There are 2 protein chains.
Amino acid sequence: MSLNTPPPDRLSLTLNALADPTRRAILARLSLGETTVNELAEPFEMSLPAVSKHLKVLERAGLISRTRTAQWRPCKLEPEPLKEVDMWLRDYRKMWEQRLDRLEAYLKELQAKDTPVQSAKPKDDKDGDIK
Amino acid sequence: MSLNTPPPDRLSLTLNALADPTRRAILARLSLGETTVNELAEPFEMSLPAVSKHLKVLERAGLISRTRTAQWRPCKLEPEPLKEVDMWLRDYRKMWEQRLDRLEAYLKELQAKDTPVQSAKPKDDKDGDIK
DNA sequence: GGTTTATTTAACTGTTTAGTTAATCACGAG
DNA sequence: CTCGTGATTAACTAAACAGTTAAATAAACC
C-alpha cells in the first residue's frame with residue numbers, strides 16, 4: 001500500500017545495480033575499455049534485450065555512460081559511483097581491521113599465557129562502542 | 001522461463017542486502033553496538049515484521065548474526081561480507097584514482113600554459129551526456 | 001496455569017524485476 | 001529508397017520483493 005514512492009537515493013541505486021553477477025561482469029569487461037552492446041552481450045546466454053536492460057540499470061546508476069557512433073552505442077565505465085560505495089564502506093573498514101587486531105591480540109595473549117583452563121573466556125567483550 | 005535457479009553468489013547477496021536504505025541504517029546503528037530488534041525498529045515508520053524481514057536479509061548475507069538471550073535476539077554486525085565488497089572494489093579503485101590523476105595533470109597543464117581565453121575548451125573529455 | 005513482552009511466521013497484496021519474442025528505430029552502404 | 005546491422009522499445013510472464021495485519025512462538029513474571 002505504499003502510496004509514496006520512496007526516494008531512490010544514489011547509493012541504493014548503485015548497490016542495487018552492482019548486486020547482479022551479469023552486471024558486474026559487464027563492468028569488469030568495461031574496465032578493459034569501451035565496447036559495444038553486442039560485444040558486451042556475447043559472453044552471456046541471454047537475449048540482447050536482456051543485456052540492454054542491464055545496461056540501462058547500470059546507466060541509471062551512473063556506472064556507465066554511452067556515446068553514439070553511427071549505429072553503435074559504445075559503453076564506457078564511469079567509476080564515480082563506485083567511489084561513493086568506497087566512501088560509504090570507509091566507516092566500516094576500521095571495524096574489520098579492529099576486529100582482526102583484536103583477534104591477533106587474543107591469539108597473542110593465548111600464546112603468552114600458555115593458557116590454562118578458563119583464563120581465556122571472552123567474557124562479554126561487548127564492543128558496544130566500536131565506532 | 002528460467003528453469004534453473006541462478007546460483008546466488010555471496011557477493012550479490014551482500015550487495016543486494018546493502019542496496020536498501022533501511023538495511024544500511026540498521027547496519028549503521030549496529031556499528032554502535034549490539035541491540036535488540038525492537039530498538040532497531042524504533043526509528044523506522046514500518047511494522048516490526050517488516051524490520052524482521054530486513055534483518056533476515058542481512059542475516060542471510062552474513063552481515064549480522066544473532067544470539068538469543070531470554071526473549072531477546074540481539075543482533076551484531078558481522079563485517080566480513082563488507083570486507084569482500086571492499087576487495088571487489090579494490091580492482092576498480094585505481095581506476096578513479098587514475099582518472100583523478102588525469103584531471104590533475106590536465107589542470108596542471110592548463111596552469112602551465114597560462115591559458116589564454118579559449119585554450120581551455122574541454123574538447124577532450126567530452127562525456128557530454130553525463131546526465 | 002495465565003499474562004506480558006519480544007520476535008517470528010503465515011497469508012495476503014501490490015510493485016518491481018529479469019527474462020522472453022516480436023516489432024521498431026537509427027544509421028550507413030549500395 | 002531499400003537493405004542490413006546494431007540496439008532499443010513494447011508487450012507479456014513468472015518470480016521475487018516489500019510491506020501489511022493477524023496469529024503463533026518463546027521466555028520471563030506472577
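First the proteins, then the strands, lettered A, B, ... as listed; each starts at 1. None of the values given here were measured: they were computed from a predicted structure.
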| Distance, nearest 0.5 Å, that separates CG of Leu77(A) from CD1 of Ile26(A) | 11.0 Å
| message | Can you see if the side chain of Ser47(A) gets near the phosphate of dT20(C) - specifically, an N or O under 4.0 Å from OP1 or OP2? | response | yes
| Gap between atom CD of Glu97(A) and atom NZ of Lys94(A) - 0.5 Å precision | 9.0 Å
| query | Under 4.5 Å between any side-chain heavy atoms of Asp91(B) and Ser31(A), yes or no? | reply | no
| task | Using a cut-off of strictly less than 4.0 Å, decide whether Asn38(B) has a side-chain nitrogen or oxygen near OP1 or OP2 of dT7(C). | result | yes
| message | Students often get this wrong, so: under 4.0 angstrom with heavy atoms, is Thr36(B) touching a base, only sugar-phosphate, or nothing? | response | sugar-phosphate
| field | Contact list for DNA chain D against residues 52-63 of chain A - heavy-atom distance below 4.0 Å | value | Ser52(A), Lys53(A), Lys56(A)
| remark: CZ (Arg24(A)) and CG (Asp9(B)) are apart, to the nearest 0.5 Å, by 5.0 Å
| remark: Here the gap from Leu40(A) atom CG to Glu34(A) atom CD, rounded to the nearest 0.5 Å, amounts to 11.0 Å
| task | Quickly work out the Leu48(A) CG to dT5(D) P distance and round it to whole Å. | result | 14 Å
| said: For a quick test of reading the model: is some side-chain N or O of Arg68(A) closer than 4.0 Å to OP1 or OP2 of dA7(D)? | reply: no
| Hey, what bend do you get for the helix from dG1(C)-dC30(D) to dG30(C)-dC1(D) if you fit axes on five pairs at each end, rounded to 10°? | 10°
| message | Evaluate Leu82(B) against Met95(A) for side-chain contact (heavy atoms from CB on, under 4.5 Å), listing each step before the verdict. | response | CA-CA 10 Å; Leu82(B) 294 178; Met95(A) 202 159 305; over 6 Å; no
| query | Could you state the CG-P distance from Asn16(B) to dC17(D), rounded to the nearest angstrom? | reply | 7 Å
| said: With a 4.0 Å limit, can you tell me whether Arg73(B) has a side-chain N or O closer than that to the phosphate oxygens OP1/OP2 of dA26(D)? | reply: no
| request: For Glu39(A) and dG6(D), give me the distance from atom CD to atom P, rounded to whole Å. | output: 11 Å
| field | First of Ala19(A) and Pro49(A) reached from the 5' end of DNA chain C, by closest nucleotide | value | Ala19(A)
| note | Atom CD of Glu42(B) and atom C1' of dA6(C) are separated, to the nearest Å, by 15 Å
Side-chain donor-acceptor contacts of residues 14-22 of chain A below 3.5 Å, not counting sequence neighbours, with atom names and distances?
{"from": "Thr14(A)", "atom 1": "OG1", "to": "Arg10(A)", "atom 2": "O", "distance (Å)": "3.0"}
{"from": "Asp20(A)", "atom 1": "OD1", "to": "Thr22(A)", "atom 2": "N", "distance (Å)": "2.8"}
{"from": "Asp20(A)", "atom 1": "OD1", "to": "Arg23(A)", "atom 2": "N", "distance (Å)": "3.1"}

Would you tabulate the side-chain donor-acceptor contacts of residues 57-69 of chain B under 3.5 Å, counting partners in other chains and residues two or more places apart, or write 'none'?
{"from": "Glu59(B)", "atom 1": "OE1", "to": "Arg66(B)", "atom 2": "NH1", "distance (Å)": "2.4"}
{"from": "Ser65(B)", "atom 1": "OG", "to": "Glu78(B)", "atom 2": "OE2", "distance (Å)": "2.8"}

| request: Mind running side-chain contact (heavy atoms from CB on, under 4.5 Å) on Thr35(A) and Glu42(A) for me, showing each step along the way? | output: CA-CA 11 Å; Thr35(A) 191; Glu42(A) 194 266 319; over 6 Å; no
| message | I need the full list of ring pair (Phe, Tyr, Trp, His ring centres under 6.0 Å) pairs touching residues 36-89 of chain A, with sequence neighbours left out, sorted by first then second residue. | response | Trp88(A)-Tyr92(A)
| task | Grab the CE-P distance between Met46(A) and dG19(C) for me, whole Å please. | result | 4 Å
| field | Joint hydrophobic cluster, Leu89(A) plus Trp96(B), side-chain heavy atoms closer than 4.5 Å | value | yes
Show me the protein contacts with nucleotides 28-30 of chain D, counting only N or O atoms at under 3.5 Å.
none

| task | Side-chain contact test, heavy atoms from C-beta onward, threshold under 4.5 Å: evaluate it for Leu55(A) versus Arg73(A) and give yes or no. | result | no
| query | Can you tell me how far C1' of dG19(D) sits from CG of Asp20(B), to the nearest Å? | reply | 12 Å
